[in-house]
Amino acid sequence: MRNILIIILFLTSAFSSYGQNDDYMLWTQIGVKGKVTQKLSYSGTINTRFGGEGVETFFPQLGFEYKLLKWLRPSVEYRFIIDKNKYGNYKSSNRLNFNVELGKKISRFDVGFRIRYQYAFNRISQQEYNPDFDQAFRFKPFVEYNIKGSKFTPIVSTEFFYDPQFGPNGREFTKIRVGIGTKLKLKGPHTVGFKYQFDKKFNYKDGYRHVLALSYSFKIK
């Protein structure tokens, strides 16, 4: 855990020179998960994203995941999104996520790769393309490490956003997101998570977005 904190401080200081254009946010997630059948599971979450002026984005989400093979899990998710635009008004939209996650256990490492296609309808903004809310392909490799005798499971991930539409610059990668954190397994059906992440849009003058993400999950038996 000490090493994780050192890395977080290093990453924060490494990008502090961009602070004039940077955004700082707190993301929270509260959710439940359980099984419909032995291979089909469900999850429901409520997500809130806080910025400098309070709540910037809020969305409940419902998802289903199917264990097709030991190393292959397709899933689908629905989000109802309420987001604050640049004028300070809240607008709503809908989004579907279609995911395929591949994973393999190597010694104490869990190595995974998630491919996501997100389809947005009733868009929040018709002006500038936003990789968080509009149509996009997302590619996310990640690694978890199981520490022997520990309740902590460190996680490192990187995610690339790709715009499949013909925009001003054509089809292109639009953003990168890097995260480092840990899951903490508590007694009973409780799991909490802590993560620091930053992301950067390509071909934009915006700075980095720094996020502290906190999550809590309850597993229904």
Side-chain angles (χ1 to χ4, degrees), residues 27-49 57-83 92-106 109-123 130-146 153-164 173-179 181-185 189-195 197 199 211 213-221:
W27 293 4
T28 63
Q29 181 185 90
I30 300 175
V32 297
K33 57 184 178 180
K35 286 189 175 184
V36 180
T37 66
Q38 190 64 27
K39 290 191 174 183
L40 180 64
S41 60
Y42 67 89
S43 63
T45 61
I46 295 177
N47 300 263
T48 310
R49 299 180 177 181
T57 308
F58 172 82
F59 59 91
Q61 175 175 297
L62 177 65
F64 293 92
E65 180 184 80
Y66 186 77
K67 186 178 180 181
L68 187 62
L69 298 170
K70 186 177 180 180
W71 53 272
L72 180 62
R73 298 172 183 264
S75 63
V76 61
E77 301 161 344
Y78 166 74
R79 291 181 180 182
F80 177 71
I81 302 170
I82 300 174
D83 186 72
S92 64
S93 69
N94 300 270
R95 198 178 91 189
L96 291 172
N97 296 329
F98 301 94
N99 311 302
V100 176
E101 185 173 311
L102 303 91
K104 183 176 179 59
K105 188 175 181 64
I106 305 173
F109 292 92
D110 288 323
V111 181
F113 186 79
R114 188 190 72 188
I115 303 172
R116 166 177 289 176
Y117 172 68
Q118 62 184 41
Y119 175 76
F121 48 103
N122 296 337
R123 288 177 54 186
N130 189 329
D132 280 348
F133 300 115
D134 295 327
Q135 275 82 341
F137 282 101
R138 295 164 60 167
F139 307 93
K140 182 180 180 180
F142 59 91
V143 178
E144 300 182 5
Y145 181 71
N146 298 303
T153 304
I155 307 171
V156 178
S157 65
T158 303
E159 189 167 19
F160 300 91
F161 293 68
Y162 180 79
D163 179 8
F173 283 95
T174 56
K175 187 169 73 168
I176 184 173
R177 173 179 291 170
V178 178
T182 183
K183 290 188 294 186
L184 173 60
K185 179 63 177 176
H190 311 283
T191 302
V192 298
F194 311 90
K195 181 174 68 172
Q197 73 178 35
D199 55 50
V211 175
L214 308 176
S215 64
Y216 167 78
S217 178
F218 182 89
K219 187 174 183 179
I220 300 175
K221 296 184 178 180

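Taking each heavy atom of Tyr216 and His190 in turn, the nearest pair found is OH-ND1, 2.6 Å. The heavy-atom pair separating Arg95 from Phe121 by the smallest distance is N-CE2, 4.3 Å. The shortest non-hydrogen separation linking Ala136 to Pro131 is CB-O, 4.1 Å.
How far NZ of Lys140 is from OG of Ser157: 4.5 Å, rounded to the nearest 0.5 Å. From Ile46, atom CD1 reaches atom CZ of Phe59 across 11.0 Å, with rounding to the nearest 0.5 Å. Atom OG of Ser93 and atom CG of Asp134 lie 8.5 Å apart (nearest 0.5 Å). Note that the NZ atom of Lys104 and the CZ atom of Phe109 stand 14.5 Å from one another [nearest 0.5 Å]. To the nearest 0.5 Å, atom CG of residue Asn97 and atom OH of residue Tyr117 are 11.0 Å apart. With rounding to the nearest 0.5 Å, the separation of CZ in Phe58 from CZ in Arg79 is 12.5 Å.
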inquiry  = Under the criterion side chain to side chain contact (heavy atoms under 4.5 Å, CB included), I'd like the reasoning laid out for Ile155 against Phe194: C-alpha separation, chi angles, the key distance, then a yes or no.
reply    = CA-CA 10 Å; Ile155 307 171; Phe194 311 90; over 6 Å; no
request  = Report the C-alpha separation of Ser41 and Phe64 in whole Å, then their side-chain angles, then the decisive distance to 0.1 Å, and conclude whether the side chain to side chain contact (heavy atoms under 4.5 Å, CB included) test is met.
outcome  = CA-CA 6 Å; Ser41 60; Phe64 293 92; over 6 Å; no
task = Take Ile176 and Thr158 through the test side chain to side chain contact (heavy atoms under 4.5 Å, CB included) and record every step on the way to the result.
result = CA-CA 7 Å; Ile176 184 173; Thr158 303; 4.0 Å; yes
message = Pair Ile30, Thr45 - check side chain to side chain contact (heavy atoms under 4.5 Å, CB included), show working.
response = CA-CA 5 Å; Ile30 300 175; Thr45 61; over 6 Å; no
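Taking the six-membered ring for Trp and the full ring otherwise, Phe139 and Phe160 have centroids separated by 6.0 Å or more.
Residues forming a salt bridge (charged side-chain N to carboxylate O under 4.0 Å, His left out) with Arg138 (at least two apart in sequence, or on another chain): Glu159. In this view, Tyr145 satisfies the side chain to side chain donor-acceptor pair (under 3.5 Å) rule with no residue, not counting sequence neighbours. The salt bridge (charged side-chain N to carboxylate O under 4.0 Å, His left out) test applied to Lys33 returns no partner, not counting sequence neighbours. When the salt bridge (charged side-chain N to carboxylate O under 4.0 Å, His left out) test is applied to Lys185, no partner is found at least two apart in sequence or on another chain. Evaluation of the ring-ring contact (aromatic ring centres under 6.0 Å, His included) rule for Tyr162 yields Phe173 as partners, not counting sequence neighbours.
With hydrogens and angles left out, the side-chain atoms of Asn47 and Arg49 include no donor and acceptor closer than 3.5 Å.
Electrostatic pairing of Glu144 and Lys183 counts as a salt bridge here, judged by a charged N lying under 4.0 Å from a carboxylate O. Salt-bridge formation is detected for the pair Asp132/Lys175: a Lys NZ or Arg NE/NH1/NH2 atom is positioned less than 4.0 Å from an Asp or Glu carboxylate oxygen.
Considering only heavy atoms from C-beta on, Thr191 stays 4.5 Å or farther from Leu184 through its side chain. Put simply, the side chain of Thr57 reaches to within 4.5 Å of the side chain of Ile81, judged on heavy atoms. By the 4.5 Å heavy-atom criterion applied to side chains, Arg116 and Arg114 are counted as neighbours.
More than 12 heavy atoms of other residues, nucleotides or ligands shown are found within 6.0 angstrom of CG on Leu214. Tyr78 OH: more than 12 foreign heavy atoms inside a 6.0 Å radius. Surrounding NZ of Lys105 are more than 12 heavy atoms belonging to other residues, nucleotides or ligands, all under 6.0 Å away.
Within the 3.5 Å criterion, the main-chain N or O of Thr153 finds a donor-acceptor partner in the side chain of Thr182. A side-chain donor-acceptor contact under 3.5 Å links Gln135 to the backbone of Ala120. The closest donor-acceptor contact from the side chain of Gln118 to the backbone of Leu96 lies at 3.5 Å or more, if one exists at all.
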For residues 67-76, which side-chain donor-acceptor pairs fall under 3.5 Å, sequence neighbours excluded?
{"residue": "Arg73", "atom": "NH1", "partner": "Glu65", "partner atom": "OE1", "Å": "3.4"}
{"residue": "Ser75", "atom": "OG", "partner": "Asn99", "partner atom": "ND2", "Å": "3.1"}

